[in-house]
Amino acid sequence: MITILLGIETSDFSEEAVSAVRRQFRPEQVVIHLLNVIDPMIYLPLYEGAMRDFDRIEALRNENRESAKELVERTAKTLRDAGYQVITAVEEGEPRTTIVDYAKRIKAQLIVVGSHGRRGLPRLLLGSVSEYVTRHAPCSVEIIRELPRAA
């Protein structure tokens, strides 16, 4: 059995990554670890006095955690319905390092992630999760870009 870490988020790129795994591997060949990482920076208060607004920050954190769980479970159901063995996880942390650390913990043989394909200033400001993962992963990495849609 091949252990695959499939990193997902709410984007078309993640849907393409799921599709790519399904195209490349038969269910009896793999165990898929489905991971969504919640970046704690999204809770960074951006208004004066926000640091004292703990209830609102905690409510946002809980809402994001529930959304992440729903995404992971919905995706896992799709894969399980197709016969795949799936283990799910939602973790909070910096996405790039969390994916690499998780891959080490589970001894992944392949990491599959989607790429937004950012260039220039957006890439500089937002960083590239897929680039970091490729450089630091303990195993092979497959980066999936969204397929062009028919016109």
Q.
Checking Ile38 against Arg65 for the side-chain contact (heavy atoms from CB on, under 4.5 Å) test, could you report, in this order, the C-alpha distance in whole Å, the side-chain angles of both residues, the deciding distance, and whether it holds?
A. CA-CA 7 Å; Ile38 303 169; Arg65 194 160 203 38; 3.8 Å; yes
Q: Dump the intermediate steps for side-chain contact (heavy atoms from CB on, under 4.5 Å) on Thr97 and Tyr132, then the final yes or no.
A: CA-CA 8 Å; Thr97 56; Tyr132 181 93; 3.4 Å; yes
Q: Quick one: do Ile87 and Ile32 satisfy side-chain contact (heavy atoms from CB on, under 4.5 Å)? Show the steps, please.
A: CA-CA 6 Å; Ile87 299 167; Ile32 300 171; over 6 Å; no
Q: Could you walk me through whether Leu110 and Phe25 pass side-chain contact (heavy atoms from CB on, under 4.5 Å), step by step?
A: CA-CA 12 Å; Leu110 175 65; Phe25 298 97; 3.8 Å; yes
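To the nearest 0.5 Å, atom CZ of residue Arg61 and atom CD of residue Glu66 are 12.0 Å apart. Between the CG atom of Leu6 and the CD1 atom of Ile144 there is a distance of 9.0 Å, given to the nearest 0.5 Å. To the nearest 0.5 Å, atoms CD1 (Ile4) and OH (Tyr84) are separated by 8.5 Å. Within the model, atoms CG of Leu71 and CD1 of Ile8 stand 4.0 Å from one another, a figure rounded to the nearest 0.5 Å. The CD atom of Glu91 lies 10.0 Å from the CG atom of Asn36; values are rounded to the nearest 0.5 Å. Atom NZ of Lys107 and atom SG of Cys139 lie 12.0 Å apart (nearest 0.5 Å).
When the options Thr134, Ile99, Ile143 are evaluated for a side chain to side chain contact (heavy atoms under 4.5 Å, CB included) with Ile111, the one that passes is Ile99.
Following chains of ILVMFWY side-chain contacts shorter than 4.5 Å, one cannot reach Ile106 starting from Val31, and the two form parts of different hydrophobic clusters. Using a 4.5 Å cut-off between side-chain heavy atoms of Ile, Leu, Val, Met, Phe, Trp and Tyr, with links allowed through other members, Val112 and Ile2 fall into the same hydrophobic cluster.
Of the possible donor and acceptor atoms, none in the side chain of Glu73 sits under 3.5 Å from a partner among the backbone N and O of Glu70.
Using a 4.5 Å heavy-atom threshold, the side chains of Gln85 and Val30 count as separate.
For the residue pair Ser140 / Gln109, no side-chain donor-acceptor distance below 3.5 Å is found, with atom types taken as modelled. Side-chain atoms of Glu142 and Gln24 include a donor-acceptor pair closer than 3.5 Å.
Between Arg22 and Thr78, the closest heavy-atom pair is NH1-CG2, 3.8 Å. The minimum heavy-atom distance linking Gly83 with Pro27 is given by the pair O-CB, 3.2 Å. Here the closest heavy-atom approach between residue Ala89 and residue Val72 is recorded as O-CG2, 4.0 Å. Looking at every heavy atom in both residues, Leu5 comes nearest to Leu35 through CD1-CB, 3.6 Å. Across every non-hydrogen atom of His136 and Val100, the tightest pair is O-CG1, 3.4 Å. Residues Gly7 and Ser14 share a closest heavy-atom pair of O-OG, 4.3 Å.
A salt bridge between Asp101 and Arg105 is absent, with no side-chain N of the basic residue lying under 4.0 Å from a carboxylate O of the acidic one.
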